[in-house]
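Chain identifiers are assigned alphabetically (A, B, ...) following the order of the sequence lines, protein sequences preceding nucleic acid strands; residue numbering begins at 1 within each chain. Hydrogens, waters and symmetry mates play no part in the numbers below; they use all other heavy atoms, side chains included. Values in this document were obtained by computation on a predicted structure and should not be read as measured data.
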Amino acid sequence: MQNQLRVYNSLTKKKEIFEPINPPFVGMYVCGPTVYSDVHLGNVRTFLSFDIIYRYLTHLGYKVRYVRNITDVGHLESDADEGEDKISKKAKLENMEPMEIVQKYSNDFHRVTAKFNILDPNIEPSATGHIQEQIKMIEKLIEKELAYEINGSVYFDVLKYNETEKYGMLSGRVVEELMAGSRELDGQEEKRNTVDFALWKNAGPLHIMRWESPWGTGFPGWHLECSVMSSKYLGERFDIHGGGMDLKFPHHECEIAQSVGATGKQPVKYWLHTNMLTVNGQKMSKSTGNSFLPEELFTGNHELLNEPYSPMTVRFFMLQSHYSSTLDFSNDALKAAAKGYKKMMNGLVLAKDLKYTNDDSLEINPKTVNQINGIIDNCYRALNDDFNTAQAIAQIFNLLKKINSISTGNLKTAEIGEEVFDKLIHTFITLIVDVLGLKEEKPSDVEGIINIILDLYKQAKQVKDYDKVDEIRRKLKQYGVTLKDMKEKVGWAYEEQ
RNA sequence: GGUCUCGUGGCCGAGUGGCUAGGCAGAGGUCUGCAAAACCUUUUACGGCGGUUCGAAUCCGCCCGAGACCUCCA
């Protein structure tokens, strides 16, 4: 491939050539969900974007270790001292154990990602599974005087850190401005400064999630888990850290501060941020109440939807935009995506069946050959340009035209030669299936289809076309379906042996 | 208020200093028992006003409009 992969690095605000720290290995960490409620489509978009990144890096031959965490403690409702833990709050609300909440929504999350054909990460660590490591990191930060303990809670001292390092590099914040602009929130007296953030929180007597620590019973702060788990599984310095745009500040900023504070190293080489899904131009989020649940989409059961949309339709829809742009969610757009997706899948079915046919009477048409080679190059150029799936899909549609032409006989395979033919088919299938992760959605009503065959079977019987009858019976058997002639009707059953 | 992003044709959405994005929709044609698909051709364009340039939708400035982050959010 003549051109190299380039990625947009949020830290440097530039597109950079992607060069892993230890090729061919790539370490990638993505902030996963906080499992306190159902994931909505906005969440899905982020995980889908990183799914593509994971798939493409793998496709390029990198050995990727993909770590995506599950946040199951420490994510507070607000930054105030008595800010409630999201999991804990939900547990009280639903009268369940916190770990039941965690399990329930983790299961839901996995079910949803599977539906969208999002690959599982290699490691999926949880915050509660790494309490010891978090405590150790806090101790290290206290030792370096970058953190202070007060009333059983420990805070990161942003001002102290900022004396030698630069807090706010990623999000373009200036500490002084943050101090000036920050509002006085209730219960922040404990902190030395409003910009400080919690590493460990003292658990009040009623708090249900609690662990022993050198500072008493408590629970870890949200930002810490990612620093701890990424360094544990990917090392103090790794290649890619990803997450939604909205995590840039404060979450990722805090992560950098913690890691740099503890190790003296910039933890991440490339920061990648995905943009938001919007509805009527507004960010989709739980708090604004404009979020869609995947299930509502699949059933069409939502006031803003006039029909259901399948998981692959939505996947295709999202891939038609670039991950760093906002994407607006609407019926018209989804409907158009549904058609485009089906068109592509019809091509996939054809491509899998196409065979090369020799024809000595035909000469190779260099123009067509060049065209096909050019389109394939464009596909890779697009994906190499910061994983531009939108552009890649446009090019894949150009490949599709060639495939359809071959299928209808307008283009003879001999005109492009066997080598180019193989390349065309292979690239087309690989990009769609392996890189974009799109798959066929077969008709789910198999029974309905069997019934149509039963009707044909009955008709054949009526006219005593027993060859046909036997043929239908034999062919269905290959699929594990046995026909049964009964007194009143024809039935079917799963073949028992 | 601070920081930042965006504004593309009927819709969605790429892209970019001069070379066809693509999908959906529309128009015409080829094919066709019907229908569909497919293929070919084709119409609508870069928020406004200035500037830089041989040339800008693409760079710069101003204005208008929309949005994000600064508080939980992917």
Side-chain angles (χ1 to χ4, degrees), chain A residues 10 13 30-34 36-37 39-50 68 71 75-80 83-86 89 109 168 171-174 176-178 180-183 185 194-195 222 242-253 273-278 280-288 291 316-344 346-347 350 375 378 381-382 385 388-411:
Chain A
S10 307
K13 297 178 179 60
V30 173
C31 289
T34 301
Y36 71 105
S37 68
V39 284
H40 63 72
L41 249 12
N43 306 123
V44 170
R45 187 185 186 203
T46 293
F47 302 122
L48 171 62
S49 300
F50 287 104
R68 188 185 63 205
T71 297
H75 201 154
L76 301 185
E77 287 283 317
S78 79
D79 208 23
E84 219 172 345
D85 181 285
K86 282 172 185 280
K89 184 183 175 184
F109 174 66
S171 56
R173 306 294 149 112
V174 181
E176 291 73 32
E177 285 172 9
L178 284 171
S182 71
R183 281 175 265 161
L185 293 170
T194 48
V195 286
W222 175 40
M245 223 55 127
D246 48 359
L247 295 184
K248 242 185 189 179
F249 187 90
H251 184 57
H252 291 158
E253 207 66 78
H273 287 98
T274 59
N275 216 321
M276 301 292 109
L277 193 61
T278 61
N280 296 323
Q282 293 249 321
K283 175 182 173 180
M284 179 183 287
S285 78
K286 280 172 195 162
S287 48
T288 12
S291 61
F316 179 83
F317 166 71
M318 289 183 175
L319 294 181
Q320 272 188 303
S321 75
H322 190 254
Y323 75 82
S324 66
S325 304
T326 55
L327 173 63
D328 201 60
F329 205 68
S330 72
N331 267 297
D332 286 348
L334 281 167
K335 212 177 285 180
K339 289 203 182 178
Y341 160 70
K342 280 179 191 150
K343 185 173 180 172
M344 190 172 269
N346 285 333
L350 291 176
I375 298 169
N378 285 342
R381 194 167 297 140
D385 185 10
N388 195 327
T389 52
Q391 222 172 32
I393 285 177
Q395 295 302 330
I396 290 171
F397 272 110
N398 289 332
L399 289 182
L400 175 60
K401 280 190 183 167
K402 298 299 169 203
I403 283 166
N404 281 330
S405 295
I406 292 171
S407 170
T408 55
N410 289 335
L411 177 64

Both distances under 3.5 Å, Watson-Crick or G-U wobble: on that basis, could you give the dot-bracket string for RNA chain B, with [ ] for crossing pairs and | for other-strand partners?
(((((((..(((.....[...))).(((((.......)))))....(((((..]....))))))))))))....
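Applying the salt bridge (charged side-chain N to carboxylate O under 4.0 Å, His left out) criterion to A:K248, with sequence neighbours excluded, gives no partner residue. Here A:H251 pairs with A:W222, A:H223 under the ring pair (Phe, Tyr, Trp, His ring centres under 6.0 Å) rule; sequence neighbours left out. The salt bridge (charged side-chain N to carboxylate O under 4.0 Å, His left out) search around A:K86 returns none, not counting sequence neighbours. Partners of A:D328 under the salt bridge (charged side-chain N to carboxylate O under 4.0 Å, His left out) rule, at least two apart in sequence or in another chain, do not exist in this structure. A:Y36 is linked by a ring pair (Phe, Tyr, Trp, His ring centres under 6.0 Å) to nothing, counting only residues two or more places apart in sequence or in another chain. Partners of A:R68 according to the salt bridge (charged side-chain N to carboxylate O under 4.0 Å, His left out) rule, which considers only residues two or more places apart in sequence or in another chain, are A:E124. The side-chain hydrogen bond (donor to acceptor under 3.5 Å, both in side chains) check on A:H273 picks up A:S10, A:H252, with sequence neighbours excluded.
Map A:P33 and A:Q282 each onto its nearest nucleotide of RNA chain B; the residue landing nearer the 5' end is A:Q282. Both A:R45 and A:S330 lie near RNA chain B, and the one whose nearest nucleotide falls closer to the 5' end is A:S330.
Rounded to whole Å, atom P of B:C19 lies 16 Å from atom CG of A:N378. Per the geometry, NE2 belonging to A:H252 stands 11 Å off P belonging to B:A74, to the nearest Å. Distance A:K286 NZ to B:A74 P: 6 Å, rounded to the nearest Å. One can place CG of A:L411 at 22 Å from P of B:U30, the figure rounded to the nearest angstrom. As a whole-Å value, the separation of A:R381 CZ from B:G15 P is 15 Å. Between A:N404 atom CG and B:C39 atom P the separation is 4 Å, expressed in whole Å. B:A38 atom P lies 10 Å from atom CG of A:L350, rounded to whole Å. Atom CG in A:L178 sits about 14 Å away from atom C1' in B:G1, given to the nearest Å.
Looking at heavy atoms from C-beta onward, A:H40 lies out of side-chain contact with A:L277 at the 4.5 angstrom threshold.
Nucleic acid contact class of A:H273 (heavy atoms, under 4.0 Å, all strands): none. A:G281 comes within contact range of the sugar-phosphate backbone alone, with a heavy-atom separation under 4.0 Å but no base atom that close. Within 4.0 Å of A:N275, counting heavy atoms only, lies at least one base atom of the nucleic acid. When heavy atoms are screened at a 4.0 angstrom cut-off, A:M344 is found touching no nucleic acid atom at all. The residue A:L327 sits close only to the backbone: its heavy atoms come under 4.0 Å of sugar-phosphate atoms, none of a base. Using a 4.0 Å heavy-atom distance criterion, A:S321 is classed as a sugar-phosphate-only contact. No contact: A:S49 has no heavy atom under 4.0 Å from any strand.
Rounded to the nearest Å, the gap between the P atom of B:G15 and that of B:U8 is 14 Å. Separating the C1' atom of B:C70 from that of B:C60 is a span of 29 Å, rounded to the nearest Å. Taking atom P on both B:A36 and B:U43, the two are 25 Å apart, rounded to the nearest angstrom. Taking atom P in both B:A68 and B:G28, the straight-line distance is 43 Å, to the nearest Å. On the C1' atoms, B:U71 is 16 Å away from B:G1, given to the nearest whole Å. The same atom, C1', is picked in B:G9 and in B:C24; the two are 13 Å apart, to the nearest Å. Nucleotides B:G55 and B:G67 are separated by 37 Å at their P atoms, to the nearest Å. Across B:G61 and B:U52, the matching C1' atoms stand 11 Å from one another, rounded to whole Å.
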Counting primed atoms plus P, OP1 and OP2 as sugar-phosphate and everything else as base, spell out the protein contacts along nucleotides 22-29 of chain B at 4.0 Å heavy-atom distance: B, S or - for each nucleotide, 5' to 3'.
BBSS----
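Relative to the side chain of A:Q391, the nucleotides B:A38, B:G67, B:G15 differ in distance, and B:G15 lies closest. Set against B:A14, B:C39, B:C69, the side chain of A:F249 has B:C69 as its closest nucleotide. Counting only heavy atoms from C-beta on, A:S287 has its side chain closest to B:C72 among B:A74, B:C72, B:C39.
Proximity of A:K342 to the phosphate of B:A37: no side-chain N or O atom is located under 4.0 Å from OP1 or OP2. Between B:C39 and A:N410, no contact under 4.0 Å exists linking OP1 or OP2 to a side-chain N or O. Within the structure, a side-chain polar atom (N or O) of A:S325 is placed less than 4.0 Å from OP1 or OP2 of B:A14.
A donor-acceptor distance shorter than 3.5 angstrom exists from the side chain of A:N388 to the backbone of A:Q391, with no hydrogens or angles considered.
For the residue pair A:M276 and A:R45, the shortest heavy atom distance occurs at O-NH1, 3.2 Å.
Checking each of A:T326, A:D246, A:T288, A:T278 against A:K283 for a side chain to side chain donor-acceptor pair (under 3.5 Å) leaves exactly one that passes, namely A:D246.
Within 6.0 Å of NZ in A:K89 there are 12 or fewer heavy atoms belonging to other residues, nucleotides or ligands.
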